[in-house]
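Notes for the one structure printed next.
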Amino acid sequence: MGEPAGVAAETHPRSILERIDYWIGVRPGSVALRTLSDTGITYAELAQGVAQVEDALRGAGLRPGNTVAIGIPRSHLLCLTVLAALSCRLPIVPISPQTSDELLENLGRMLNVRAAVFAGSGADPFDIRIASPSAAERGATASEPAPLAGRFPGQHVDEAIAFIYHTSGSTGQPKGVAVSHESLDARVHELQSRFPMVPGDAVPLKCQFTFDVFLWELLGPLVAGATVDVVPPGRESDPRYLASVLEQEDIRAVHFVPTMLDQYLLSVPSARYPGLRWLCTSGEAMRRQTLRRLDSHFPASVEYHNLYGQTETSEVLGWSGRTCEELFVPLGRPMGAYDVVVVDEEGNAAPVGATGELWILADTGISPGYVGTSMRTSPAHQSPESGEFASRRLYRSGDFGVRDAAGVIHFRGRRDDQRKCNGIRVDLNSVDEALLQSEGVRDALTDVITLPSGSQQLVSWVLGDVDVTDVGRAIAGRLPEHLRPSRIVLVDEWPRTSSGKRDRASLVSSVIVGAGPTDDEALEWWCMAGADPAAPNGMTLREAGGTSLGALALCRVLAERSGRTVPPHECLDATLPRLREWITGGHASEQCPAQ
């Protein structure tokens, strides 16, 4: 069923919540949220659930402008809580459900977080638990839900803060990227224009809440009267489960980080994907070999879109196609209200064919700055004092690119101290600074390594008289989960290059090799998945630093070498002795269930 007449023309600049409210009024019985294994909840039930969470938030004394951290696992409740916080005008800080009390307290100070919201423990599926950043918890109860119609009255598009995302800071403490309601509305509107969904369509919600693509996966379908298919936590890295989701008749669009897309393509056979129309990637550079696998795997009816942007902006460049001859897929041409320029070292527009830094320019849609700072004190937001870009509102991306004669921008790498680890930007210097604040650490070096499995890890090396377990505990209260090293390695001295500099490549190589040559096949596979070869026998792959992508590669190796099919979550929870049992004939799951 198509969109009712007149709605498309009125969609913008009406706010996101007003557009969702429209569908609550005209299609209350349509499914708004579901998972693969249930019938989901309707738009009417969505409104009731949002009202219940709103009442809980207000009952806890929260008022417009109060910042809240939300640490609920990906679920219907998380979706309802996000909508309720937006409706209550509460800036949202996405956090992990496992966030420590110490980090919560730090967030309270750094980002002015007034309360943290977690899933309740009662039988009510809409129950939430509210705690202060000082860990003094208060229960929250709900009152009668408000009427369905007018669920989000009087919501306006403006520059008030909607979300605050962690990103690395130069002091070792995370800084908060402020995303306004205006920017959020423009982002959802632009992506809805590029991927025009209608009632009856569905999109899987599978990104982590701390990754800003989550916003489009949740809000994009709802503003169109479509359905959000919520992928349960942990299943986003299970290719078989994802395949069963994508093969549904009504799934129209899906997003992947390129590394995860590559693992998906290597793990599942090609299928019809009867309803899929758009597949998009973002978060890190898309490589040519992954595009070739995509082209072989998906039918020609599926359009591929490579999207480029930052949390501080939105998707600012887009490219669509199925073939590419360069190492990296093109970033594309500007989207929406953005202009993207290639700038030389003097701060002037570089000529066609010349490499320079990518600057994003726009009158709106650029973060107003970082929480606790201003645009003037943030170098990334500073416009030059003179020249063609003087006094322009801009963001310096730290990425390098080149513009071709057709106006398409191509990726040429990042600044040395800025890396992407599984789609999340990390300032390596900020992690080092946090490590150096730990007692006994004399020096530190951090890098992103790519394991033989194709997964990535953030690894730190430290010098000093320390126990790396104690160092790990110390930084847990200083850095959000996605900025903490998966592994901390103690070294006696730095390897050096011929010029006397620290030999970063040698350190990275030693970790990638893992245990080195060995007759222990299980240990080699263990290292391939990113786990520490020196981990105690009772430690699981997950606890030893193994990654979800590494576990996927291990599942494929087990299937190819020993004929065993083991679900990814079982690999992550396996110990090294358990892995040896699987290799030598011990018990394993007979099949990997799709749901």
[X]: which residues meet the side chain to side chain donor-acceptor pair (under 3.5 Å) condition with it, sequence neighbours left out?
| X | value |
| --- | --- |
| Ser75 | none |
| Thr81 | none |
| Glu102 | none |
| Thr540 | Glu543 |

Checklist entry - Looking at CD1 of Ile70 and CZ of Phe209, how far apart are the two atoms once the value is rounded to the nearest 0.5 Å? => result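 Reported value, rounded in 0.5 Å steps: 4.5 Å.
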
Checklist entry - Rounded to the nearest 0.5 Å, how far apart are CG of Asp432 and CG of Leu445? => result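 Going from CG on Asp432 over to CG on Leu445, the span is 6.0 Å.
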
With [X], which residues qualify under side-chain contact (heavy atoms from CB on, under 4.5 Å), at least two apart?
| X | answer |
| --- | --- |
| Ala476 | Arg484 |
| Arg293 | Asp262, Leu265, Leu266, Gln289, Thr290 |
| Leu463 | Arg442, Asp443, Val491, Trp494 |
| Thr313 | Gln310, Val316, Tyr338, Ile360, Ile366, Tyr395 |

Is the shortest heavy-atom distance from the side chain of [X] to the side chain of [Y] under 4.5 Å?
| X | Y | result |
| --- | --- | --- |
| Leu294 | Leu261 | yes |
| Pro258 | Arg287 | no |
| Tyr264 | His297 | yes |
| Pro232 | Tyr241 | yes |
| Pro485 | Val431 | yes |
| Leu490 | Trp461 | no |
| Phe256 | Val213 | no |
| Glu326 | His410 | yes |

Could you tell me which residues satisfy salt bridge (Lys or Arg N to Asp or Glu O under 4.0 Å) with [X], sequence neighbours excluded, listed by chain and number?
| X | value |
| --- | --- |
| Glu345 | none |
| Arg473 | Asp470 |
| Asp573 | Arg542 |
| Glu217 | none |

Checklist entry - Hey, do the aromatic rings of Tyr165 and Phe163 have their centres closer than 6.0 Å? => result yes

